[in-house]
Amino acid sequence: MARILVVGGVGYIGSHVVSLLMEAGHEVTVFDNLSTGLQANLFSENRLIVGDICKEIDIFSAMEGQDAVMHFAAKKAVAESMENPAKYARNNLIGTLNLLNAMDHHGVKYIVFSSSAAVYGMPDVSVVDENTPVNPINFYGFTKAEIEKCLQWYDRLCDIKFVALRYFNAVGYDMNRRSRGHEANPQNLLPIIIEVAEGKREKLKIFGDDYPTPDGTCIRDYVHVCDLAQAHLLALDKLMNGMDSQILNLGTEKGTSVKEMVTAVEEVLGKKLNVEIAPRREGDPACLIASAEKARKILGWKPQITDLHQIVKSALPEDL
Ligand code: UD1
């Protein structure tokens, strides 16, 4: 049992991790500014501190007495990061530095950090391993890459051990519906398709069908949020048992195109969706698939929910 501060613990991925940490018997404190995370994602038993990592006093006082940190709090809309870099610099970069300083001040030695495949930018290869050059092409990805470098320095200078988990495309919700991890105003493909199915949006715009992929639409590696959550527990356990700092990809090693995702939702729901081909979105790589061999070897992690229909079913609201 450890005392874990989960920063961003009522957000989409954080709330799924909180439910697993509690199941495993850890003492969880959630720290969140409730800017995008929903309080409905909170479990009654666990403590919530409403605070902001951008305010040193908030994060310094929350850190006292903790054994480890899981850090999910970040802004993550790629397009917005290009329009409003100051927001991303403040929340992602400065906020994380405050958090690391608070850890150092209170002698907290372990952190699991949410990084992203966005650090790779437009890689030359379609299957990406951790040695693929880090070359972000949006400011969001830049903030994640810079934080990884800060983590390496704080490891070297302050002996804070970290695992940075580079998520590919997180999807779905807890199959047992313990946590729903809903987000306000989702911006990602599957939640958007579902909003079209619900009639909340008029249509899905497919951003380009002239990519060099079999059906012309972009391919991504969609990894279930429960599998991601599991990797965090494995990482924490290994860190607290003496593992050295690590940077690890988390993906299924399987690619799904935008059209394949649409078809999967149509098949599960038994109805056609309103879809339109739109121009390419700037900065979209044609194909991004993880090699997760390192996470497999180091953490013993293997994604369990890889069937697309199962993923789609887990993402649907109960009334659809
Ligand atoms: C990006 C980041 C990822 C980050 C995520 C957070 C990169 C390479 N990846 O993922 O690290 O965690 O944002 O939000 O920067 N699409 C449509 N129509 C839509 C929406 C999406 O066709 O309305 C397509 C996109 O072109 C893309 C795929 O669906 O090919 C997935 O898009 P999205 O869910 O936005 O995620 P990424 O951009 O892949």
Side-chain angles (χ1 to χ4, degrees), residues 8 11-14 36 72-82 88 91-92 113-126 128 132-145 147-148 164-172 181 183-197 200-225 228 249-252 255-265 273-290 308 311-312 315:
Y12 169 45
I13 300 173
T36 50
F72 301 94
K75 295 289 160 202
K76 67 167 181 90
V78 170
E80 185 191 47
S81 76
M82 302 297 276
Y88 283 71
N91 282 279
N92 296 7
F113 170 66
S114 301
S115 189
S116 169
V119 300
Y120 296 114
M122 293 265 209
D124 292 338
V125 289
S126 52
V128 173
T132 302
V134 166
N135 190 17
I137 52 158
N138 53 60
F139 194 70
Y140 162 73
F142 170 80
T143 64
K144 293 290 179 181
I147 294 166
E148 288 184 354
L165 297 172
R166 291 177 176 166
Y167 312 148
F168 280 62
N169 290 63
V171 279
E183 290 181 290
N185 189 22
Q187 301 288 331
N188 296 104
L189 178 65
L190 184 54
I192 290 175
I193 298 176
I194 290 171
E195 287 199 349
V196 173
K200 288 185 185 164
R201 278 181 203 243
E202 195 202 331
K203 60 187 160 197
L204 170 76
K205 290 185 179 176
I206 294 183
F207 298 139
D209 69 348
D210 56 351
Y211 283 96
T213 61
D215 67 18
T217 64
C218 287
I219 291 174
R220 294 286 180 274
D221 183 333
Y222 294 93
V223 53
H224 198 276
V225 67
L228 290 181
N249 282 349
L250 294 181
T252 62
T256 302
S257 74
V258 177
K259 280 188 177 166
E260 284 170 336
M261 189 61 94
V262 173
T263 304
V265 177
L273 298 175
N274 195 6
V275 169
E276 170 188 291
I277 304 299
R280 289 183 179 196
R281 185 173 68 176
E282 204 192 327
D284 261 342
C287 181
L288 209 51
I289 300 172
L308 208 49
I311 286 176
V312 167

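Since the model is a prediction, treat every value here as computed from it, not as a measurement. Counting starts at 1 for both ligands and their atoms, following the listed order. One is the number of the first residue; the rest follow in order along the sequence. Note: hydrogens, waters and symmetry copies are ignored here, and every other heavy atom, side chains too, is used.
For the pairing with L288, the side chain to side chain contact (heavy atoms under 4.5 Å, CB included) check across V128, D221, V125 returns one residue only, V128.
Near C218, the atoms of ligand 1 lying under 4.0 angstrom from a non-hydrogen atom of the residue are 30 (O). Close approach of ligand 1 to V258 (heavy-atom distance below 4.0 Å) involves ligand atoms 22 (O), 24 (C), 29 (O), 30 (O). Counting atoms of ligand 1 from 1 in the listed order, those under 4.0 Å from a heavy atom of N138 are 15 (O).
Neither side chain, Y140 nor E80, offers a donor N or O lying under 3.5 Å from an acceptor on the other.
Between Y222, F207, Y211, it is F207 that holds the heavy atom closest to atom 17 (C) of ligand 1. Among Y167, Y140, Y120, the residue whose heavy atom lies nearest to atom 12 (O) of ligand 1 is Y140.
Nearest protein neighbour of atom 37 (P) of ligand 1, counting heavy atoms only, is N169 ND2, 3.5 Å. Among all protein heavy atoms, the one lying closest to atom 18 (N) of ligand 1 is K205 O, 2.7 Å.
Between N249 and Y120, the closest side-chain pair of non-hydrogen atoms falls below 4.5 Å. A 4.5 Å side-chain heavy-atom check between R166 and E148 finds at least one atom pair inside the cut-off. Put simply, the side chain of K75 reaches to within 4.5 Å of the side chain of T36, judged on heavy atoms.
Residue L189 has at least one nitrogen or oxygen atom sitting less than 3.5 Å from a nitrogen or oxygen atom of ligand 1, judged on distance alone. Where the criterion is an N or O separation shorter than 3.5 Å, residue side chain and backbone included, R220 meets it with respect to ligand 1.
In E202, the CD atom is not crowded: 12 or fewer heavy atoms of neighbouring residues, nucleotides or ligands sit closer than 6.0 Å.
Using a 4.0 Å cut-off between heavy atoms, I137 makes no contact with ligand 1 at all.
Of the possible donor and acceptor atoms, one in the side chain of T217 sits under 3.5 Å from a partner among the backbone N and O of K259.
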